[in-house]
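Quick notes on the structure that follows.
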2 protein chains.
Amino acid sequence: MSRTQGSRAELTGPRIRAAALRLFARHGFAAVSMRQIAAEVGVQAGTLYSYTPDKQSLLASLMEGHMEELLEALAALPAGGTPTEQLERFTRHHIRFHAARPEAVFVAYMELHSLEPDNFARIEALRGRYEDALQQILEDGCATGAFALPDTKLTTLALIAMLTGVNTWFREGGRLDLDGIEAIYWQLVQKAVAAPDTARAPR
Amino acid sequence: MSRTQGSRAELTGPRIRAAALRLFARHGFAAVSMRQIAAEVGVQAGTLYSYTPDKQSLLASLMEGHMEELLEALAALPAGGTPTEQLERFTRHHIRFHAARPEAVFVAYMELHSLEPDNFARIEALRGRYEDALQQILEDGCATGAFALPDTKLTTLALIAMLTGVNTWFREGGRLDLDGIEAIYWQLVQKAVAAPDTARAPR
DNA sequence: GGTTTAACTGAACGCTCGTTCGTTTCCAAT
DNA sequence: ATTGGAAACGAACGAGCGTTCAGTTAAACC
């Protein structure tokens with residue numbers, strides 16, 4: 001399937017994936033044809049089928065790859081510290097990771113209904129693991145008294161929705177850089193979850 | 001175009017819109033054919049063109065109608081009171097309004113990229129007016145000292161993303177009813193925006 | 001009961017879709 | 001120079017797409 005040496009150009013497989021991701025993000029999975037993807041790569045449509053069994057698998061593979069990358073990056077974060085420190089790391093990491101790959105994020109959120117049931121279940125399970133990681137931090141914080149939350153599951157979903165919302169407007173080179181955005185969102189998150197007494201002195 | 005008396009059944013126009021909304025929400029605009037919509041209504045595909053000039057206009061009309069309804073409902077809210085009271089009204093209303101029409105909300109958010117440029121601009125302008133209303137409340141609150149926010153525009157977008165996120169998991173008859181959900185989210189919103197001194201006594 | 005009229009049918013248009021597969025190309029090893 | 005084999009081509013398949021429109025139906029009015 002792969003040459004020992006890519007003598008003429010970039011490897012075709014990754015270029016197909018990149019083109020598909022870009023087009024799916026821009027126009028939506030159902031609105032993009034295999035011929036459009038092929039044209040973007042500079043190849044005939046039939047060639048795509050040497051790299052993916054079909055269009056659905058191409059989408060599922062992109063989405064699953066994204067979710068696995070997200071979980072790997074989460075696992076690579078430094079552990080330990082207070083729940084507040086962990087939550088700050090999670091918050092900043094979420095914003096930074098998502099801002100760096102807007103197309104994959106967009107596809108992973110918007111094309112869930114284009115997945116066949118098996119693929120949907122597999123990818124939703126990965127998302128669930130990510131949410132669980134945040135929920136665990138919130139529960140730890142409630143246990144130590146650093147956070148005061150009526151419902152950690154809802155708060156998990158609320159915070160992730162808020163943080164992921166950055167992607168709807170963030171553009172590189174805009175009014176604010178990522179450091180500034182992280183700081184603003186971290187302040188919102190921190191105040192929202194903090195127990196009243198510790199709202200200003202977060203340990 | 002319309003009969004003086006709908007003697008046999010429901011009027012066809014609204015039924016087409018309802019079927020299209022349901023199918024667009026479930027499968028995505030591009031993945032739904034005019035024949036599917038027609039079949040859902042119990043009519044031939046050609047009949048749809050007595051009610052809409054084309055598929056794109058059907059989508060745009062559904063989205064524009066939803067945004068206008070949202071703005072009308074916002075305008076119908078009681079005015080006056082402190083910024084904190086206004087923000088609570090906005091928060092509760094947003095959750096309640098969106099939870100009541102999940103399909104329209106889903107389509108309005110997910111199918112923006114299916115709109116042709118003119119329709120997109122018109123509908124985005126309506127969304128901007130809704131965001132402006134929230135931003136005005138936040139600015140008023142900062143002016144009175146009730147809120148402490150580094151950036152009202154970002155906070156506006158962050159809060160709307162958080163509140164709209166309810167729609168990704170809320171299902172009627174689930175663990176929590178709307179009153180409970182409103183209360184939890186209002187607590188998160190209130191704490192996130194409140195100036196430190198007033199965090200516990202919101203007037 | 002005959003006429004009007006709007007709603008709806010159903011066939012047809014040209015086109016694009018995802019996918020298959022026999023053929024051609026061309027690098028790499030002999 | 002020849003050969004082996006992977007990569008890509010490009011034509012073809014049946015199906016379905018959005019849209020049009022001449023014709024059919026049936027309720028409403030005189």
Side-chain angles (χ1 to χ4, degrees), chain A residues 1-24 26-63 107 111 113-116 118-119, chain B residues 1-24 26-63 107 111 113-116 118-119:
Chain A
M1 175 159 328
S2 65
R3 256 179 298 191
T4 46
Q5 207 182 10
S7 56
R8 269 194 310 184
E10 304 285 314
L11 291 175
T12 304
R15 293 181 67 216
I16 289 173
R17 294 173 65 84
L21 183 63
R22 179 169 53 246
L23 288 170
F24 290 165
R26 186 131 53 206
H27 306 292
F29 173 74
V32 171
S33 71
M34 294 299 267
R35 282 175 240 270
Q36 281 175 65
I37 299 170
E40 193 93 347
V41 179
V43 113
Q44 291 295 320
T47 298
L48 303 184
Y49 290 85
S50 298
Y51 297 90
T52 184
D54 50 36
K55 196 188 176 196
Q56 165 77 199
S57 300
L58 180 53
L59 173 65
S61 162
L62 288 170
M63 292 174 73
V107 170
E111 297 299 348
H113 63 184
S114 300
L115 291 172
E116 288 163 6
D118 286 0
N119 293 326
Chain B
M1 177 158 330
S2 66
R3 255 179 298 191
T4 46
Q5 208 184 6
S7 56
R8 270 192 309 181
E10 304 284 314
L11 292 175
T12 304
R15 294 181 66 216
I16 289 172
R17 295 173 63 83
L21 183 63
R22 180 170 52 247
L23 288 170
F24 290 165
R26 188 130 54 206
H27 307 292
F29 173 74
V32 172
S33 72
M34 295 298 267
R35 284 180 236 285
Q36 281 175 65
I37 298 170
E40 193 93 347
V41 179
V43 112
Q44 291 295 319
T47 300
L48 303 185
Y49 291 85
S50 299
Y51 297 90
T52 183
D54 52 35
K55 197 189 176 196
Q56 166 75 201
S57 300
L58 181 52
L59 174 65
S61 162
L62 288 170
M63 291 174 73
V107 170
E111 297 298 349
H113 64 183
S114 300
L115 291 172
E116 288 162 6
D118 287 359
N119 292 327

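Note that the structure is a prediction, hence the values are computed from the model and not measured. Numbered from 1 within each chain, the chains take letters A, B, ... in sequence-line order.
Within the structure, a side-chain polar atom (N or O) of B/Tyr51 is placed less than 4.0 Å from OP1 or OP2 of C/dC8. Between A/Thr12 and D/dA7 there is no side-chain N or O to OP1 or OP2 distance below 4.0 Å.
Considering OG of A/Ser61 and CG of A/Leu58, their distance stands at 6.5 Å, rounded to 0.5 Å. Once rounded to the nearest 0.5 Å, the distance linking CD1 of A/Ile37 with CG of A/Leu48 reads 6.5 Å. Atom CG in A/Asn119 sits 9.0 Å away from atom CE in A/Met63 (nearest 0.5 Å). Between atom CZ of residue A/Arg22 and atom CD of residue A/Glu40 there is a gap of 4.5 Å, rounded to the nearest 0.5 Å. Expressed to the nearest 0.5 Å, how far CE of B/Met34 lies from CG of B/Leu23 amounts to 11.5 Å.
Atom CG of B/Leu58 is separated from atom P of D/dT19 by 10 Å (rounded to the nearest Å). In this entry the distance linking OH of B/Tyr49 with P of D/dA22 reads 17 Å, nearest Å. Spacing between atom CG of B/Asp54 and atom P of D/dT20 amounts to 8 Å, rounded to whole angstrom units. Between the C1' atom of C/dG18 and the CZ atom of A/Phe24 lies a distance of 12 Å, rounded to the nearest Å. The CZ atom of A/Phe29 sits 10 Å away from the C1' atom of C/dG18 (whole-angstrom rounding). In this structure, CD of B/Gln56 is placed 18 Å from P of D/dC17, rounded to the nearest angstrom.
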Heteroatom pairs (N/O) under 3.5 angstrom, protein to nucleotides 10-17 of chain C:
unit_1	atom_1	unit_2	atom_2	d
C/dC17	OP1	A/Ser33	OG	3.1

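Across A/Arg15 and A/Val41, no two heavy atoms sit closer than the pair NH2-O, 3.2 Å.
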